[in-house]
Student: 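Here's a structure for you.
The structure presented is a predicted model; accordingly, all values stated were derived computationally and were not measured. The figures that follow rest on heavy atoms only: side chains count, while hydrogens, waters and symmetry mates do not.
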2 protein chains.
Amino acid sequence: MKIGKGVEWAAHACAVLALLPPGAALSRECLADYLGVPPPYLAKQLQALSRAGLVLTQRGAAGGYQLARDAETISLWDITAALEGTAPRFRCTEIRRNGPCGASSAECPAPCDIAAAFQQAESVYRETLAAVPLTQVVAGATAVATDGRKQRIGDWIQQNASGLS
Amino acid sequence: MKIGKGVEWAAHACAVLALLPPGAALSRECLADYLGVPPPYLAKQLQALSRAGLVLTQRGAAGGYQLARDAETISLWDITAALEGTAPRFRCTEIRRNGPCGASSAECPAPCDIAAAFQQAESVYRETLAAVPLTQVVAGATAVATDGRKQRIGDWIQQNASGLS
DNA sequence: TTAATTGCGGATAATATATATCCTAATTAA
DNA sequence: TTAATTAGGATATATATTATCCGCAATTAA
Ligand code: SF4
Ligand code: SF4
């Protein structure tokens with residue numbers, strides 16, 4: 001019943017990509033190094049983000065990843081959905097149809113209150129995450145960073161990003 | 001990333017127990033038969049409910065399970081928490097401390113916006129489930145049942161429950 | 001054209017969790 | 001005492017997560 005840690009990785013990766021100037025890209029090696037996570041597994045998450053259309057990929061020399069849309073339009077739910085999928089997490093196995101007193105089809109016109117409540121709960125969960133755009137994450141992280149660290153991050157980007165104008 | 005199906009089983013089991021007259025109890029064999037699920041595994045869920053204080057158990061001959069409190073005061077969140085635990089499902093591994101531009105301790109006074117958003121999302125999820133008492137589930141199920149089925153359920157309880165006055 | 005770089009996709013292994021079952025001990029009513 | 005019943009632990013199986021690797025396609029620079 002856990003959420004894969006890949007979600008956190010992907011969120012941080014997107015936050016880094018949001019710092020890049022337009023048109024610049026970062027290779028997965030650089031991203032993995034920056035985040036301090038194993039490169040091959042991060043690649044999985046990045047591929048998922050790519051399939052979901054959240055990042056653009058550029059193959060070949062000087063290739064890499066960049067955000068596909070403005071950071072304002074990418075929410076934490078977008079990232080979560082790309083990694084974990086959108087399938088309901090509560091699985092209804094229609095227990096009420098079982099047993100000696102099972103309900104007939106006619107008595108099951110709709111999901112019962114149990115299933116309805118879980119659907120509702122997942123819905124508000126989704127909406128809460130959808131309300132947080134990547135820009136908010138970046139702004140929050142920038143707010144607590146010291147000037148020295150901002151400098152270091154800027155330098156690192158200059159050194160590792162490709163496609164800088 | 002899934003919720004155990006035991007949650008659904010336990011919810012249905014509690015809904016059945018809520019139909020019993022005060023003081024009556026049902027054995028796990030009877031419950032498993034009623035729900036059409038494997039008895040030994042349902043026992044796991046019932047033990048979890050017992051540990052959480054949601055049901056009372058009575059050992060020995062003519063023993064069984066009964067609700068520990070009024071059905072009005074037992075919510076779907078109570079049942080979910082008893083089965084799945086209350087640990088956060090989003091795991092924050094403090095990635096921002098990693099890598100060449102890792103943040104210092106002084107720069108991490110609080111969880112970042114990513115962690116905060118997931119905490120908030122889990123919170124509203126929890127509250128949504130907590131707002132649904134067992135009585136609502138029972139009322140909803142009763143509303144769609146035919147008279148014949150209500151009769152059959154009543155008969156079944158008469159036949160299988162112990163401690164009937 | 002050629003060689004080097006880089007992401008994509010599939011295959012695979014290791015680990016953790018969820019699912020399911022069984023057995024023994026403890027408890028209680030009759 | 002005897003029969004019934006749950007608690008709890010040990011165990012097996014299935015599934016999901018986590019992590020890694022390799023060959024291929026795409027791209028670019030020399
Ligand atoms: S819809 Fe409700 S009653 Fe039917 S199986 Fe799902 S949870 Fe149980
Ligand atoms: S608190 Fe935020 S920044 Fe730190 S590791 Fe968790 S998600 Fe990442």
Student: Rounded to whole Å, how long is the line connecting atom CZ of A:Arg28 with atom P of D:dA19?
Tutor: 16 Å
Student: Is any side-chain nitrogen or oxygen of B:Ser50 closer than 4.0 Å to OP1 or OP2 of D:dT6?
Tutor: no
Student: Could you give the NZ-to-C1' distance, from A:Lys44 to C:dT12, as a whole number of Å?
Tutor: 10 Å
Student: Send over the distance from B:Leu31 CG to D:dA7 C1', rounded to a whole Å.
Tutor: 16 Å
Student: Tell me: CD of B:Gln45 to P of D:dA7, nearest whole Å?
Tutor: 13 Å
Student: Report the distance from atom CZ of B:Arg91 to atom C1' of C:dT15, rounded to the nearest whole Å.
Tutor: 12 Å
Student: Do A:Gln47 side-chain and C:dG9 base share a donor-acceptor contact under 3.5 Å?
Tutor: yes
Student: Is the distance from OP1 or OP2 of D:dA7 to the nearest side-chain N or O of B:Thr57 less than 4.0 Å?
Tutor: yes
Student: When the ring planes of A:Phe118 and A:Phe90 are compared, do they come out parallel, tilted or perpendicular, using 30° and 60° as the limits?
Tutor: parallel
Student: When the distance from CG of B:Leu46 to C1' of D:dT6 is rounded to whole Å, what number comes out?
Tutor: 10 Å
Student: OP1 or OP2 of D:dT28 sitting under 4.0 Å from any side-chain N/O of A:Gln58?
Tutor: yes
Student: Rounding to a whole Å, what distance do you find between A:Leu42:CG and D:dT18:C1'?
Tutor: 13 Å
Student: Check for me whether the distance between the ring centres of A:Trp9 and A:Tyr41 falls short of 6.0 Å.
Tutor: yes
Student: Quick check: does any side chain N or O of A:Glu122 sit under 3.5 Å from a backbone N or O of A:Arg89, one acting as donor and the other as acceptor?
Tutor: yes
Student: Under 4.0 Å between a Lys/Arg side-chain N and an Asp/Glu carboxylate O for B:Lys150 and B:Asp155?
Tutor: no
Student: Using a cut-off of 4.0 Å on non-hydrogen atoms, how would the nucleic acid contact of A:Pro40 be classed: base, sugar-phosphate, or nothing?
Tutor: base
Student: Can you work out whether A:Tyr41 or B:Ala43 has the more 5'-proximal nearest nucleotide on DNA chain D?
Tutor: B:Ala43
Student: If you look at every strand shown and take non-hydrogen atoms under 4.0 Å, does B:Gly6 touch a base, only sugar-phosphate, or nothing?
Tutor: nothing
Student: So which one's nearest nucleotide on DNA chain C is more toward 5', B:Pro39 or B:Arg59?
Tutor: B:Pro39
Student: Kindly point out which of D:dA7, D:dT5, C:dA20 is positioned nearest to the side chain of B:Tyr65?
Tutor: D:dA7
Student: Would you say A:Ser104 and A:Glu107 are linked by a side-chain donor-acceptor pair, where the criterion is simply a distance under 3.5 Å?
Tutor: yes
Student: Can you measure B:Arg89 atom CZ to C:dA18 atom P for me and round it to whole angstrom units?
Tutor: 12 Å
